[in-house]
Protein chains: 2
Amino acid sequence: MQQNRSRVRQQRILDAALRVFSRKGFRDASVDEIASESGTSKGGVYFHFPSKDVIYLQLLDRTVARLRNKIEAAMAEHDHPIAKADAALLAVLRTFDKHATLARFFMVETLGAGRQFQSRMAETRAEFAGIIRQHLDAAVDQGIIEPLDTEVAAQAWFGALYEVITGWVLVRKPERLEETYAALRPLLMRSVGAEEIPLSALMES
Amino acid sequence: MQQNRSRVRQQRILDAALRVFSRKGFRDASVDEIASESGTSKGGVYFHFPSKDVIYLQLLDRTVARLRNKIEAAMAEHDHPIAKADAALLAVLRTFDKHATLARFFMVETLGAGRQFQSRMAETRAEFAGIIRQHLDAAVDQGIIEPLDTEVAAQAWFGALYEVITGWVLVRKPERLEETYAALRPLLMRSVGAEEIPLSALMES
DNA sequence: CGAAACCAACCGACCAGTCGGTCGGTTTTG
DNA sequence: CAAAACCGACCGACTGGTCGGTTGGTTTCG
């Protein structure tokens with residue numbers, strides 16, 4: 001049970017780090033603050049993690065994994081590429097709606113965290129863009145949309161989404177992020193030439 | 001001529017700051033480095049600028065103004081909203097193509113520069129999104145595109161562009177940013193429901 | 001000469017990471 | 001069984017280095 005306790009403490013530190021990084025950003029967050037926010041001391045933090053960088057990186061990994069899981073779970077419930085895209089879009093918007101802290105960390109923090117993380121950040125962006133691209137390719141293969149440069153299209157989708165979410169994080173308008181869905185969906189769909197299909201029952205659930 | 005000399009030195013410092021900030025980011029760029037890169041000393045820098053923050057802010061202002069001028073000059077040569085959008089898109093791509101340093105500063109640096117600049121950054125993003133929105137609204141008024149949520153659309157356009165440029169800055173693929181134009185243009189146009197018009201003579205000039 | 005421009009040396013705040021030591025619980029041993 | 005030995009977890013004072021900003025003196029120029 002001792003190692004269980006240890007694992008709990010590690011999670012506590014990561015949870016605290018998420019809040020502190022979200023508030024202050026990587027550079028302005030001191031390890032002392034993470035320590036006190038997680039109910040321990042600096043020495044305690046350094047017992048569990050070798051460096052501040054590693055805390056950040058592990059937190060990023062955890063966050064990315066959770067978000068990707070959410071997205072993939074949402075998509076797994078549908079077969080049609082457009083329904084998958086819809087589900088993924090809603091899953092993202094709702095997740096960030098519910099966890100604004102996460103949004104702040106992920107959106108505002110990711111790019112400017114510091115030069116040492118830049119390549120990792122590029123990988124992360126590429127990972128999400130890759131998911132989008134993969135499904136765009138599938139849609140092209142199935143003849144649902146016309147062939148197009150799916151790499152640029154995936155980047156553009158990611159960027160559009162990223163910007164809308166970032167804007168919401170910074171300004172908090174509209175009140176609920178999900179409200180942008182109605183405007184975002186047709187925009188994205190039309191951009192790749194996907195004909196309109198009713199969004200009907202997708203709004204609830 | 002004394003104040004002229006002074007102004008020249010100020011510009012030199014800003015030019016050097018642009019290079020150093022682009023390489024290192026705001027936090028990792030030391031005033032000493034900006035000083036030596038501009039052929040002066042730290043004291044010299046502090047004679048012309050009251051703080052590192054102000055250097056950054058003035059540089060940001062200068063950069064935004066120049067970019068906005070480029071965009072508006074490009075648009076002024078056309079009347080039709082779609083031609084304006086085209087011209088603006090090309091102007092942006094070409095400007096960053098030619099000045100990768102500027103792209104690095106503007107793209108990678110803007111978001112994560114530090115909490116103290118966050119509201120200013122939000123303003124800057126809003127400014128460019130506002131330009132896009134204004135012209136989307138005009139296009140709607142002229143009946144060229146169907147009514148839509150131009151605020152979200154403008155954000156999405158900005159975000160898409162931002163992401164593509166950022167990706168290029170970080171990975172440098174394709175070789176020339178302008179090559180993304182052919183993929184980006186139809187994507188953006190279709191997203192707002194603008195019918196295809198030949199891009200023909202727009203590629204050169 | 002006098003003011004503007006410039007410089008090198010310096011100051012002090014800040015903070016990641018270290019280290020010697022403590023504490024509560026578990027295992028070993030006589 | 002109890003005392004001794006041990007151990008993982010934890011604490012917080014301290015250090016070493018960095019860097020924004022200051023200052024007092026020097027050069028340049030009109």
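Each chain gets a letter, A, B and so on, in the order the sequences are listed, and its residues count up from 1.
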Taking the side chain as every heavy atom from C-beta outward, state whether A:Arg66 and A:His99 have any pair of such atoms under 4.5 Å apart.
-> no
For atom CD of B:Glu175, decide whether the heavy atoms of other residues, nucleotides or ligands shown that lie under 6.0 angstrom number more than 12.
-> no
Per-nt protein contacts along nucleotides 11-19 of chain D (heavy atom under 4.0 Å; B base, S backbone sugar-phosphate only, - none) come out as BB-------
Who are the salt bridge (Lys or Arg N to Asp or Glu O under 4.0 Å) partners of A:Arg133, not counting sequence neighbours?
-> A:Asp137, A:Glu151
Within a radius of less than 6.0 Å around CZ of B:Arg12, do more than 12 heavy atoms belonging to other residues, nucleotides or ligands occur?
-> no
Would you call the rings of A:Phe158 and A:Phe128 parallel, tilted or perpendicular, where under 30° means parallel and over 60° means perpendicular?
-> parallel
Kindly assign one of parallel, tilted or perpendicular to the pair A:Phe105 and A:Phe21, based on the angle between their ring planes and the thresholds 30° and 60°.
-> parallel
Rounded distance (Å) that lies between atom P of D:dT23 and atom CZ of B:Phe47 = 15 Å
Is there a side-chain polar atom (N or O) of B:His48 under 4.0 Å from OP1 or OP2 of C:dA4?
-> no
Choosing from C:dG17, D:dT22, D:dG8, which nucleotide comes nearest the side chain of B:Tyr46?
-> D:dT22
Ionic contact status for A:Arg190 with B:Glu146, cut-off 4.0 Å = no
Does any residue of residues 10-21 of chain B have a heavy atom under 4.0 Å from DNA chain C, and if so, which ones, in number order?
-> none
B:Tyr56 and B:Phe117 aromatic ring geometry - parallel, tilted or perpendicular at 30°/60° bounds | parallel
Between C:dC15 atom P and A:Ile34 atom CD1, what is the distance in whole Å?
-> 12 Å
